[in-house]
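One structure below.
Excluded from the calculations below are hydrogen atoms, water molecules and symmetry mates; all remaining heavy atoms, backbone and side chain alike, are included.
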Amino acid sequence: MECMSGPYFIRGSVSLPEAELMWRFSRSSGPGGQHVNTSDSQVELRFDLGRTEALPEVWKERALSRLASRLVGGVVTVRASEHRSQWRNRETAAVRLAALLAEATAPPPAPRRATRIPRGINERRLREKKARGETKRGRTGRDW
């Protein structure tokens, strides 16, 4: 198997382990004209998230729970067929998988700290509502 254009980093120094990537190639329905009937340019990249040793345990659990709807037996699959060349589709698939895993392993956002609305802002809002109501009430023609 020829080497890809380099390690695909998920986050920090953690990268996709080449040995654990499973590639499958098939005929693409994408661009290519008559050439498309003879070349296997569609790429399917599979990564066994459940059995990988490349990710820290915390990241792995996070990714397994967040990608649960996409997983089939603990394996995440990414397809690419936009390009005519298999090599470019392989690049696209690997980048896509790395981005997907980066998003899935990201730490949860910091919890929101509840804050109070300052009294002045609340009073101004209520004053403006009252003034608006008065404007609208003044529009009704009660001169019968």
Side-chain angles (χ1 to χ4, degrees), residues 1-140:
M1 185 169 94
E2 75 257 15
C3 190
M4 295 188 299
S5 74
Y8 292 96
F9 290 101
I10 296 172
R11 206 168 53 256
S13 62
V14 179
S15 64
L16 283 175
E18 277 213 44
E20 294 183 23
L21 300 178
M22 295 168 278
W23 299 92
R24 214 171 93 203
F25 309 102
S26 56
R27 291 197 179 142
S28 173
S29 61
Q34 293 174 333
H35 173 74
V36 82
N37 300 326
T38 58
S39 64
D40 292 343
S41 60
Q42 176 173 285
V43 173
E44 186 179 280
L45 175 58
R46 298 171 62 196
F47 180 65
D48 195 339
L49 195 55
R51 290 205 302 240
T52 187
E53 297 296 318
L55 298 177
E57 202 56 40
V58 181
W59 286 19
K60 195 156 88 167
E61 286 170 16
R62 227 181 263 157
L64 284 168
S65 67
R66 289 182 185 169
L67 296 175
S69 61
R70 279 193 71 145
L71 297 177
V72 179
V75 178
V76 65
T77 306
V78 174
R79 269 196 196 88
S81 62
E82 303 72 83
H83 306 292
R84 283 182 63 160
S85 86
Q86 185 189 98
W87 187 81
R88 284 179 67 194
N89 281 331
R90 288 175 68 152
E91 290 287 305
T92 305
V95 168
R96 216 178 273 167
L97 179 63
L100 182 72
L101 289 175
E103 196 177 318
T105 58
R112 183 187 173 279
R113 292 211 336 254
T115 56
R116 284 186 55 221
I117 298 171
R119 201 168 100 212
I121 290 176
N122 215 14
E123 286 174 354
R124 186 180 67 205
R125 181 181 63 85
L126 292 173
R127 262 199 317 275
E128 286 170 1
K129 277 170 69 86
K130 187 75 76 182
R132 185 90 180 124
E134 289 297 322
T135 304
K136 288 184 174 187
R137 199 170 301 121
R139 288 185 191 144
T140 57

A quick test of your reading: do over 12 heavy atoms of other residues, nucleotides or ligands sit less than 6.0 Å from [atom1] of [X]?
{"X": "Arg139", "atom1": "CZ", "value": "yes"}
{"X": "Ile117", "atom1": "CD1", "value": "no"}
{"X": "Glu20", "atom1": "CD", "value": "yes"}
{"X": "Glu123", "atom1": "CD", "value": "yes"}
{"X": "Arg62", "atom1": "CZ", "value": "yes"}

Going by heavy atoms in the side chains, are [X] and [Y] under 4.5 Å from each other?
{"X": "Leu55", "Y": "Leu49", "answer": "yes"}
{"X": "Leu67", "Y": "Leu101", "answer": "yes"}
{"X": "Arg79", "Y": "Ser26", "answer": "no"}
{"X": "Val75", "Y": "Phe47", "answer": "no"}
{"X": "Val43", "Y": "Gln86", "answer": "yes"}

Quick one: does [X]'s side chain have a donor or acceptor within less than 3.5 Å of a partner on [Y]'s backbone?
{"X": "Thr135", "Y": "Ala131", "value": "yes"}
{"X": "Arg24", "Y": "Glu44", "value": "no"}
{"X": "Arg51", "Y": "Gly74", "value": "no"}

How long is the span from the [atom1] atom in [X] to the [atom2] atom in [Y], to the nearest 0.5 Å?
{"X": "Asp48", "Y": "Thr77", "atom1": "CG", "atom2": "OG1", "answer": "10.0 Å"}
{"X": "Leu64", "Y": "Trp59", "atom1": "CG", "atom2": "CH2", "answer": "14.0 Å"}
{"X": "Leu100", "Y": "Thr105", "atom1": "CG", "atom2": "OG1", "answer": "9.5 Å"}

Exercise: do Arg125 and Asn122 side chains pair donor with acceptor under 3.5 Å: yes

Side chain to side chain donor-acceptor pair (under 3.5 Å) partner of His83, the single match among Arg90, Arg88, Glu91: Arg88

